[in-house]
Protein chains: 2
Amino acid sequence: MTNPTGHEIAEALGLLLRRSTRAGLHAQLTEGLGEAVDELTYPVLSGLARTGPCSAADLGREVGLDRTTVTRRADRLEEAGLLRREADPGDRRATLLVLTDAGQGVVRTTRERLAARIEDSLASWPAADARAFARLLRVFVDEGPFHA
Amino acid sequence: MTNPTGHEIAEALGLLLRRSTRAGLHAQLTEGLGEAVDELTYPVLSGLARTGPCSAADLGREVGLDRTTVTRRADRLEEAGLLRREADPGDRRATLLVLTDAGQGVVRTTRERLAARIEDSLASWPAADARAFARLLRVFVDEGPFHA
DNA sequence: TATTGTTATACTCTATAACTATA
DNA sequence: TATAGTTATAGAGTATAACAATA
């Protein structure tokens with residue numbers, strides 16, 4: 001490998017994906033939002049925000065979880081008032097999981113906190129660098145080494 | 001937020017940190033390296049490669065794990081021949097965890113696979129973009145929204 | 001017959017506490 | 001007294017299999 005770029009990015013990516021990094025970030029973003037929101041339940045909440053009202057089986061396929069796992073995590077989120085269950089009018093076997101207003105608020109808050117933190121850390125960057133980074137990161141994530 | 005850059009990066013980062021993304025990448029990088037190497041044991045192996053010979057307690061502090069957890073995971077790696085235990089000549093309470101040649105080989109292989117995958121996905125990029133991305137990602141990871 | 005949500009079972013992993021040995 | 005490694009116990013979470021209801 002004459003080109004060191006791959007190893008440079010690999011090292012940075014390794015740091016980024018490290019468990020302690022993710023756990024710390026998650027703790028910051030969900031602070032004060034209730035103990036029902038943790039690293040296990042948040043993906044369900046966030047996935048539901050992307051898909052809209054959705055069955056447990058479909059949501060499981062979306063976020064890569066078994067439907068029994070979705071059921072259990074949804075139980076906790078329902079108890080906390082962050083989602084509710086509704087009958088699916090189109091399929092009487094299914095139960096739709098639907099975010100409540102409180103659930104939507106949690107998702108919106110975490111997303112805004114993350115965006116704000118990123119803005120803060122980019123504040124000292126030249127504007128052109130920040131724009132370039134956003135563009136390149138997007139391409140990297142969409143076409144990067146995660147699709148094969 | 002008049003500036004959309006924060007939200008753009010937040011969205012890309014969310015995709016990157018998603019469990020399914022990480023699990024898929026990990027499966028690719030460790031394919032064929034033996035079943036002792038999984039998402040639980042690899043951080044121990046990789047951390048040990050960074051620190052060099054190290055006690056379980058120190059390694060736990062390095063990678064954010066309880067020392068009992070390090071002990072259990074090290075047991076599996078030792079059974080697989082990827083690390084060995086040695087008496088610490090400087091502290092007779094401690095046992096040093098040391099990567100074997102096989103263990104070093106596993107770490108080297110996964111790192112080279114990741115770098116190669118990244119190189120592949122950057123092959124179609126203008127060289128200046130690739131260099132800029134490597135530089136900006138490094139700064140972002142070092143100074144980014146993960147340190148507060 | 002296949003798929004829905006849910007529950008029961010067995011299994012894995014972890015955190016806490018305990019133990020012995022050494023600093 | 002504090003810290004080393006390890007082990008036992010208890011708790012949380014998951015995957016597998018099962019169930020009744022519906023497609």
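This one's a predicted model, so the numbers in the text were calculated from it and none came from an experiment. Proteins come first, then strands; the chains are lettered A, B, ... in the order of their sequence lines, and each starts at number 1.
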What do the steps show when you test B:D101 against B:R108 for salt bridge (charged side-chain N to carboxylate O under 4.0 Å, His left out), and what is the final call? CA-CA 10 Å; B:D101 290 345; B:R108 188 167 46 242; over 6 Å; no
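- The other members of the hydrophobic cluster of A:L96, by chain and number, are A:V98 (side-chain heavy atoms under 4.5 Å, ILVMFWY only).
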Please output the side-chain donor-acceptor pairs of residues 125-138 of chain A that fall under 3.5 Å, not counting sequence neighbours, one pair per line with the distance.
unit_1	atom_1	unit_2	atom_2	d
A:R138	NE	A:D142	OD2	3.0
A:R138	NH1	B:E11	OE2	3.4
A:R138	NH2	A:D142	OD1	3.3

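- For DNA chain D, no neighbouring residue in residues 29-36 of chain A is found when judged by any heavy atom under 4.0 Å.
- Classification of B:E39 and B:R19 as a salt-bridged pair holds, one side-chain N sitting under 4.0 Å from a carboxylate O.
- A distance of 9.5 Å separates CZ in B:R93 from OG in B:S55, rounded to the nearest 0.5 Å.
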Starting from the C-alpha separation in whole Å, work towards a yes-or-no answer on side-chain contact (heavy atoms from CB on, under 4.5 Å) for A:R76 and A:D38. CA-CA 10 Å; A:R76 292 176 49 194; A:D38 59 24; 2.6 Å; yes
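- Contact between the side-chain N/O atoms of B:T71 and the OP1/OP2 oxygens of D:dT6 is found at a separation under 4.0 Å.
- What separates CG of A:D91 from C1' of C:dG5 is a distance of 11 Å, to the nearest Å.
- With a 4.5 Å cut-off between side-chain heavy atoms of Ile, Leu, Val, Met, Phe, Trp and Tyr, the cluster of B:L33 takes in B:V37, B:Y42, B:V44, B:L45, B:L48, B:L59, B:V63, B:L65, B:V70, B:L77, B:L82, B:L83, B:L97, B:L99, B:V106, B:V107.
- The stretch residues 53-63 of chain A touches DNA chain C through A:S55, A:A56, A:A57, A:R61, each having a heavy atom within less than 4.0 Å of the strand.
- Heavy atoms only, all atoms of each residue included: A:R73 and A:L40 are closest at NH1-O, 2.7 Å.
- The existence of a salt bridge linking B:R61 and B:D58 is confirmed by a sub-4.0 Å separation between a basic side-chain nitrogen and an acidic carboxylate oxygen.
- The interatomic distance linking A:D88 (CG) with D:dA23 (C1') rounds to 12 Å, in whole Å.
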Base, backbone or nothing for each nucleotide of nucleotides 11-21 of chain D, written B, S, -, heavy atoms under 4.0 angstrom, 5' to 3'? --SBBBBB---
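- At least one donor-acceptor pair under 3.5 Å links the side chain of B:T21 to the backbone N or O of B:L15.
- Interatomic distance, CG of B:L29 versus CD of B:E112, reported as 12.0 Å (0.5 Å rounding).
- As a whole-Å value, the separation of A:L97 CG from C:dT4 C1' is 12 Å.
- Taking atom CG of B:L96 as the reference point, atom C1' of D:dG5 lies 12 Å away to the nearest angstrom.
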